[in-house]
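For reference, the structure discussed in these notes is given below.
Here is the naming used below: chain letters follow the sequence lines, and residue numbers restart at 1 for every chain.
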Amino acid sequence: MADLEELYREIILDHYRSPRNRGELPPPAHRVEGFNPLCGDEIVLSLLVEDDVVADVKIAGSGCSISQSSASLMSAAVKGKSVAEARKLVATFKQMMSIHEATLDDATEEPEPINLRALGELAALQGVVKFPVRIKCATLSWNTLTQGLDELGA
Amino acid sequence: MADLEELYREIILDHYRSPRNRGELPPPAHRVEGFNPLCGDEIVLSLLVEDDVVADVKIAGSGCSISQSSASLMSAAVKGKSVAEARKLVATFKQMMSIHEATLDDATEEPEPINLRALGELAALQGVVKFPVRIKCATLSWNTLTQGLDELGA
Amino acid sequence: MTTPLDVEAIRKDFPLLEREIHGRRIVFLDSGASSLPPTQVTSAMTRYYESTHANVHRGVYATAEEATARYEAARVGVGRFLGTSAGADEVVFTKNCTESFNLLAKSWGAANLTSHDAVVLTEMEHHANIVPWQQLQQQVGFELRFIPVGDDYQLDLGDLDRLLEGAKLLSVTAMSNVLGTINPLKHLAARAHGAGALIAVDGAQSVPHLPTDVVGDDLDFLCFSAHKLYGPTGIGVLWAKAEHLAAMPAFLGGGGMIKDVRLDGFTAADGTQRFEAGTPPIAEAIGIHAAVDYLQGIGIEAVREHEQALTTYAFEALEAAFGDEVRIHGPGDGPGRGGVLSLTMGDIHAHDLAQVLDQVGVCVRPGHHCAKPLMRRFGLNATARASFGIYNDRDDVDVLVEGLADASRLFG
Amino acid sequence: MTTPLDVEAIRKDFPLLEREIHGRRIVFLDSGASSLPPTQVTSAMTRYYESTHANVHRGVYATAEEATARYEAARVGVGRFLGTSAGADEVVFTKNCTESFNLLAKSWGAANLTSHDAVVLTEMEHHANIVPWQQLQQQVGFELRFIPVGDDYQLDLGDLDRLLEGAKLLSVTAMSNVLGTINPLKHLAARAHGAGALIAVDGAQSVPHLPTDVVGDDLDFLCFSAHKLYGPTGIGVLWAKAEHLAAMPAFLGGGGMIKDVRLDGFTAADGTQRFEAGTPPIAEAIGIHAAVDYLQGIGIEAVREHEQALTTYAFEALEAAFGDEVRIHGPGDGPGRGGVLSLTMGDIHAHDLAQVLDQVGVCVRPGHHCAKPLMRRFGLNATARASFGIYNDRDDVDVLVEGLADASRLFG
Ligand SMILES: Cc1ncc(COP(=O)(O)O)c(C=O)c1O
Ligand SMILES: Cc1ncc(COP(=O)(O)O)c(C=O)c1O
């Protein structure tokens, strides 16, 4: 079960068992829902953006250990960051998650190097790329965040 | 080309080259159109029924040698016959044409014996059953006749 | 517990079962999503492609005649498997069970339903038997009513008379793909007809696992897919009484379904052809025919008996190993359920459960199984569904238990 | 006249060509109706069934992941064959070219057309690109206009500006399946866009025989089938620019195409998925992928060159043997036509012609070829159509000539 241990690293199980920033924020926080239509994972993101900064973020909903821990890690990573930094983090994270798709597609294309350091704890989710079906679990909260920022015009 | 000669018997080629009862009848004759949608054969049947007798019948339209000769043979066979006799002939003819379908379906079913004598010249179309796709050509005019009789309530 | 099937011999027909996953033999418990095809099916299709292939209905040359005859013979063969000799006039080939329901809703439904009408579904339907009706509803505005599902995982028929009042159709699954519940078709057909409604049945899960008798049960419509019936992907069936088909307008438009086309309009063909626009799934029809022949060779009653025995074994094994830690969402073991086990284990998410099971070679499906209203009804987000087929045996159940024990350790 | 293809080697990939018909080797001249698949295609599908098969998009176990990855990779592969790297987001799998047009008409069309709008077709369209529009027209009432076909068998573009005025779509075949006429797509796309319309293309006959470049030609939509492309039955393609797909409402409803389903309504999924309801033709996607790989291995330019040379040879051989007795309905030999020869011989009906040709093993298709408006335009009831593929050579043409001579004797 070597692969499995790469997928379910201790940090991930920790964030799954003790999710950070759990709950919902009252208005004026913005509320966005994300679905993974194929497996039923749901995420409810409450997002408070003030002065171009992600002032607060909370996560509700339910899903697998990967989607829930990724949401928890995401919330911890973007909270307090500027919108620009948050968006950059989304891009880096999604780049890490897309390696597999890219190589699957065409083994000869050289993937761009990723700044793993910038990801911090999030790098623990790296093991997911070996499990392509789970990539959608890992990216659900990130896509929901992007949608929320877009809707806020932030 | 042994099979071919069975398909294109002399009588068939004769009725194809010199079709009987060619043309259209003016009203009050009833006009019915038949299509073979898959190959484009068209038949226009003019039908005059008086006192339960097929008083006159004419054929227009275009199609292959099988559909045209069958229509010609049919017109010669039913003209002057009572509606009941004409319908009986239709049934006997379609029975001859369905042998192949029946045997294809289930080789163990014994086909009912057909009264070939009752068919007269029409028996020349027997060879068609070896060419299942052409059965629709042979039966086109007969189905159109049935439709015409039905529409007339005859 | 003896089984009427020689599973060891059957397994030889399924090369995929020789595969190893993570060093373990594959344990395929996902026939409810899609079954494996036996070599009898794949080789029938390959032989067809290598000896006969031609487009159907339009050629007079030898292979085109043969292809047409074999395609049409598939209708008859499938019809017989459903309990009718009228397959030639009543079996329409579609691309899957989902298209069959779309055809039903958008042809029969569009022609028969107005804003004053009602269609009755159930809370345990697959999305295939919900969404097409909702799409039509948006256009036409009729009422959709749902037979509720009780806490015993059975349809609650207490209010059926009221639900059927003024309804034109009852459309119901023969067997739930989530719960395994088998519904009483004959009874439901009689109730629907008594109320002046027709009955359509989702046979996706029942046709491969239970005897089907469209005539004896007095059904009007039946939809299912070949790929859950040990047949190929790319083909489904809408069976309908010929009298209904005769009165239904065309669905998809194009070649093959017309009598005539002019620049200003078209005339539709008669019979099954009206509903098969374009080149049909020809090789796939050969494949579904081979699949029903294969199942008929085994005997569908024997299949049912085998899968019921296996289900009993699984109930016992899971109870013995996990007690309350593992829940089976669906009716208890017995003749009223099929071999579909929707599992949850404590708080572990179904995705994680399935992932861990994969490590021991076990294939189960996590998720909502395209039945979100039913999942909501039971407060479920996802389950891990194990479903049995003719090639499964008790060893497979034992590996499932082993994998679940691994999950319990990892997430416990 | 040398040919760039090693036909003898290619023929080895097609076992059906070893078959004998009435004691003669089969001469397959019906690729325009449906081509034969090479063993590379059939064995890719069989291997898939025997090693990988599982339902896609919903499983986390190994084979389900592989099946999903291979299904999605097929989109990319097909996209590349069409000249785009965006296949993942732009290739929708349907059941055939006909369903692709129905999807286009009933999703894009229904969302964009009102009674004030117009769609422009041509007189040389296949029913697949006529009937779906007529069906929609019955509901919506927009105007259908037809570009006429001249006596030279070419589109008469003299009035095109007027026809395109206020039109929202030009939908046109890339190559006529009756005449062989190749239409100037790039020019037509520019004219359509200039008039504010989009352009949809029927690639059923062109994609297998001519280089396709959806980006270079600036197309919006392209429809075709795998079974004419040396691929399997049961799968077709709607290629559409991602921006168009994003704005199109769902077509068929069911599992797989939803984000959420409640008892009172559903939310559709994004991307290509929205248009693929139910279990898709998975093995068939593997098959079409293998088919485009096979064709790419040969080189589509070489295919085109080969078929053009063969067409030239056929024109010469028919002229030499029969003079005016045999007519080829379509443009004269040259770069403006494909390898489709619609033949008539004196008064002999096409059905009879095809029947006699069958006796010498020659497969040609008689009839209206699902293009009745075009047939009427030329006063034709039926033609016997010979169409070339990569496995045909000059010997095949010689046997065709021999069979036509037989017909001339029998009916002359
Ligand atoms: C030009 C053209 N368009 C559309 C079609 C329809 O293709 P299919 O029958 O595979 O849907 C065909 C073939 O029949 C064709 O030749
Ligand atoms: C009960 C039920 N109905 C309908 C379907 C839809 O079948 P398909 O995806 O083959 O269209 C399924 C399977 O997914 C099912 O289990």
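- Top candidate by heavy-atom pairs under 4.5 Å with chain D, chosen from C:D358, C:L263, C:I282, is C:L263.
- For D:N129, no part sits under 4.5 Å from any heavy atom of chain C, backbone or side chain.
- The closest donor-acceptor contact from the side chain of D:N96 to the backbone of C:A277 lies under 3.5 Å.
- A donor-acceptor distance shorter than 3.5 angstrom exists from the side chain of C:Q135 to the backbone of D:F251, with no hydrogens or angles considered.
- Looking only at distances, a side-chain donor or acceptor of C:Q134 sits under 3.5 Å from a matching main-chain atom of D:R262.
- Proximity to chain D (any heavy atom under 4.5 Å) is shown, for C:S225, by neither the backbone nor the side chain.
- For the pair C:E284 and D:I235, the minimum side-chain heavy-atom distance is 4.5 Å or more.
- Neither the backbone nor the side chain of C:V41 comes within contact range of chain D, judged by heavy atoms closer than 4.5 Å.
- In this structure, no portion of D:E18 lies under 4.5 Å from any heavy atom of chain C.
- How far CD of C:E276 is from OG1 of D:T98: 12.0 Å, rounded to the nearest 0.5 Å.
- C:I21 touches chain D through its side chain: at least one heavy atom from C-beta onward sits under 4.5 Å away, while N, CA, C and O do not.
- Heavy atoms of D:N102 lying under 4.5 Å from chain C belong exclusively to its side chain.
- Note: C:T63 leads C:I26, C:T46, C:T63, C:L17 in heavy-atom pairs under 4.5 Å with chain D.
- Within the 4.5 angstrom heavy-atom criterion, no atom of D:F101 approaches chain C.
- Residue contact with chain D, scored on non-hydrogen atoms closer than 4.5 Å, is absent for C:F14.
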